[in-house]
Amino acid sequence: MAEDYYKERKLKEAMFYYHSLQRRGGRFHRLSKGTQDTITDKIPAAVHTAITTAIRQMIELSLTSSNYIYPIKIDHKWSFEQREKEVRKVINRYKTTARLEGAGTGAGGIILGMADFPLLLSIKMKCLFDIGRIYGFDVTAFSERVFLLQIFSATFSSSETRVKLWEEIRDWNKVTGAIEDVNWRVLQQEYRDHIDLIKMIQMLPGVGAFVGAIINGKFLEQLGTAAMHAYRIRMLT
């Protein structure tokens, strides 16, 4: 009975999260996007190249390798509530890792700042893979890896793209695996646009370590929250 109540409450939270995405954006988003485009144009080409290369490698590893799969404790007898407690532990652990990594690379200026991109991507994907496994899914299957990348892309995209991707996540069970591809080119561009401005601030002398620690932790919290809501909608509807 308590388990049913918990599921009902968490599904409501997930659907509230989903509907709240439909209302975001607007004038503020357009203004911030214009400012970001102006700053992005001034970012050194080497930084853009580093980001694009890191994202491409992350995608390839996500779909074809076991690089993001590490031994973790999983009990298939866990209730849904217990699984979510374990997911929260995983998110908090990766948040701590991301903060430490961001503080370290942020203190090193532009060179170490560039190194932060692939490191942070790896932390994010390891977190997603662990979350998928705790919820009981076989993340070695190609379709499940696509689902994880769908969550990743939906988390770090513009408002318009995010809405579209979440519509697909909401209907994932209805297509029964028919979605076997993601527009990787769009994923790369959206992710770059999402983090460029913030990450450039991380490379500034004197504030990089502080910004890196705070922002990296926030990124992991955003990703973890999105993943929990995505699996709630998928498993409870």
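Note that these values count all heavy atoms, side chains included, but never hydrogens, waters or copies made by symmetry.
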Interatomic spacing from [atom1] in [X] to [atom2] in [Y] - rounded to 0.5 Å:
X	Y	atom1	atom2	answer
Asp130	Ile74	CG	CD1	7.5 Å
Leu121	Leu61	CG	CG	10.5 Å
Ser62	Phe142	OG	CZ	10.5 Å
Trp172	Ser143	CH2	OG	8.0 Å
Leu120	Leu220	CG	CG	6.5 Å
Glu86	Ile134	CD	CD1	6.0 Å

Minimum heavy-atom separation for [X] and [Y], please, with both atom names.
X	Y	answer
Ser157	Leu165	OG-CD1, 4.0 Å
Arg232	Ala14	CB-CB, 3.9 Å
Thr225	Ile91	N-CD1, 4.5 Å
Lys73	Trp78	O-CH2, 3.2 Å
Met125	Met58	CG-CG, 3.4 Å
Ala230	Trp166	N-CH2, 3.6 Å

Whether the side chain of [X] engages the backbone of [Y] through a donor-acceptor N/O pair (distance < 3.5 Å, no angle test) should be reported.
X	Y	result
Ser79	Gln82	yes
Arg133	Tyr70	yes
Arg145	Phe129	no

Exercise for review: Identify whether NZ of Lys or CZ of Arg in Lys126 sits under 6.0 Å from the centre of the six-membered ring of Tyr94 and within 45° of that ring's axis.
Suggested key: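 No.
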Looking at [Y] and [X], is there a salt bridge between them, counting it only when a charged N and a carboxylate O are closer than 4.0 Å?
X	Y	result
Lys164	Glu160	no
Glu84	Arg88	no
Lys218	Glu221	no

State, yes or no, whether a side-chain contact exists between [X] and [Y] at a heavy-atom distance under 4.5 Å.
X	Y	value
Ile169	Ile233	no
Met228	Tyr17	no
Thr155	Phe219	no
Val146	Leu63	yes

Practice item. For side chain to side chain contact (heavy atoms under 4.5 Å, CB included), just list the numbers for Leu148 and Tyr68, CA-CA rounded to whole Å, side-chain angles, deciding distance to a tenth of an Å, and then say yes or no. Key: CA-CA 12 Å; Leu148 294 177; Tyr68 299 133; over 6 Å; no
Review point. Would Phe156 and Leu223 count as a side chain to side chain contact (heavy atoms under 4.5 Å, CB included) if you check the C-alpha gap in whole Å, the side-chain angles of each, and the deciding distance to 0.1 Å?
Key: CA-CA 8 Å; Phe156 304 111; Leu223 184 63; 4.0 Å; yes
Review point. What is the ring orientation for Tyr231 with Tyr135, classed by angle as parallel under 30°, tilted 30 to 60°, or perpendicular over 60°?
Key: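 Ring orientation of Tyr231 relative to Tyr135: parallel.
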Exercise for review: Scan side-chain atoms only and decide if Glu167 and Tyr18 contain a donor-acceptor pair under the 3.5 Å cut-off.
Suggested key: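 No pair is found: no donor N or O on one side chain lies under 3.5 Å from an acceptor on the other.
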Point to revise | Path from Leu149 to Val163 over hydrophobic side-chain contacts below 4.5 Å | key: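 Leu149 and Val163: separate clusters.
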